[in-house]
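Have a look at this one.
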Amino acid sequence: MELIDKIGNEGKKKDVPDFRAGDTVKVYYRFNEAGKTRKQIFQGIVIQKRGSGMNSTFTIRKISHRIGVEKIFPVHSPLIDEIEILSRGHTRKAKLFYLRDKKGKKGKVRQSKKRTLKAYKNKE
Amino acid sequence: MLGLIGKKIGMTRTFTEEGNSVPVTLLELGPCVVTQQKNNDKDGYNALQVGFQEVDEKKVSKPLAGHFKKNDLKFYKFLNEFKVGENNLKEFDVGSELTVEMFRETELVDVTGVSKGRGFAGVMKRHNFSGKNATHGTHKSFRGAGSIGQCATPSRVFKGKKMAGHMGNSVTTIHNLEIVRVDKDRNMVMVKGAVPGHKNSNIIVKKVKQ
């Protein structure tokens, strides 16, 4: 088990920001298409974080042209350039799958009063 | 082919330079020691007997202890034979050490281990049968196998018919797994894909026949 922590997690990124389900984030990522690397941005609410170490992933949901779109990113993927946190949400659950069934205002996550962006900056 | 004895540590993932995720298994291999040479003239085949995991003398049986003492070796918990060519016999004398340095990245290997035991398993789990209907009047038997043969001819069940029974806990070999990384300092090899057995179970890694 020691070995898997040491070697298996060697490719882990060190600059991953501390975000939770309910936070709104902007992900800057690259992908290969027809031999070329293209850059894209995906912005939305984090509805789940799962796994540990190298295996951890997170799911982002957004409403695009009235259609819900979800994307799963591996946290430590080298194709992710940056994860920018736009706002901190207040949630009572760790997995926000209920958002899939909600429309309009109910499909939103209230901003956290304790976990504000300022509070995180002061910590650093 | 020449190989090593080792231990399965567990699975994780790595990323390629293009960003593709590769599922890998970590294996701790060797260092192993050649404990005996078998040659064609005396034994009828060429092979190297290899020992892994040093233990106290008390932990091995007396006949085995004598076998090790004959060549002034230390005592090993696990022994395995690898059939090799004559040039390997000349290269590795009794007492010489085998390490992960024999493997190269992107090389293919066969991995043998004892698969996880599943106990007495039904036909759906053991042989991927489809089971029976959930509705339409199915009575009490939802996961059964159905008919196992005909009537008066042949009036018996054929041998080897797939039925429920003990599953797993058998020696299993996975062929042609790619080596992703070799770490000489930690005696560790990363292999692409899954390997039979529990964590910390013993495995044998062999080179693939060219």
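Because the structure is predicted, anything quoted here is derived from the model rather than measured. Naming: A, B, ... by sequence-line order, numbering from 1 per chain.
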### Task
Any chance you could measure B:Thr14, atom OG1, to A:His76, atom NE2, to the nearest 0.5 Å?
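Here the rounded value is 13.0 Å.
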### Query
Within a reach of under 6.0 Å around NZ of B:Lys38, are more than 12 heavy atoms found that belong to other residues, nucleotides or ligands?
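For B:Lys38, atom NZ is crowded (more than 12 foreign heavy atoms under 6.0 Å).
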### Query
Which heavy atom in B:Gly19 sits nearest to a heavy atom in A:Pro78, and how many Å separate them?
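Distance-wise, the nearest heavy atoms are CA-CG, 3.8 Å.
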### Query
Quick one: what part of A:Asn32 sits under 4.5 Å from any heavy atom of chain B, side chain, backbone, both or neither?
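For A:Asn32, side-chain heavy atoms alone lie under 4.5 Å from chain B.
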### From A:Met54 atom CE to B:Ser21 atom OG, the distance as rounded to the nearest 0.5 Å
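Taking CE in A:Met54 and OG in B:Ser21, the distance rounds to 8.0 Å.
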### Query
Above 12 or not: heavy atoms from other molecules or residues under 6.0 Å from NZ of B:Lys83?
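12 or below, so no.
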### Message
What I'd like to find out is whether the side chain of B:Arg13 reaches to under 4.5 Å of the side chain of A:Pro74, using heavy atoms alone.
### Response
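Answer yes - side chains close enough.
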### Message
Within a 6.0 Å radius of atom NZ on B:Lys184, are there more than 12 heavy atoms belonging to other residues, nucleotides or ligands?
### Response
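Open.
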### Task
Would you indicate whether A:Lys95, at its atom NZ, is surrounded by more than 12 heavy atoms from other residues, nucleotides or ligands within a distance under 6.0 Å?
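Yes, because the 6.0 Å sphere around NZ of A:Lys95 holds more than 12 heavy atoms from other groups.
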### Query
Which answer fits B:Thr16, side chain, backbone, both or neither, if we ask what part of it has an atom under 4.5 Å from a heavy atom of chain A?
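Backbone only.
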### Greater than 12 external heavy atoms within 6.0 Å of B:Lys77's NZ
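No, because the 6.0 Å sphere around NZ of B:Lys77 holds 12 heavy atoms or fewer from other groups.
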### Task
Tell me, for B:Met190 versus chain A, whether the close heavy atoms (under 4.5 Å) come from the side chain, the backbone, both or neither.
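Answer is side chain: those atoms of B:Met190 sit under 4.5 Å from chain A.
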### Message
Looking at A:Arg50, I want to see if its CZ is surrounded by more than 12 non-hydrogen atoms of other residues, nucleotides or ligands under 6.0 Å.
### Response
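Open: at most 12 neighbouring heavy atoms sit under 6.0 Å from CZ of A:Arg50.
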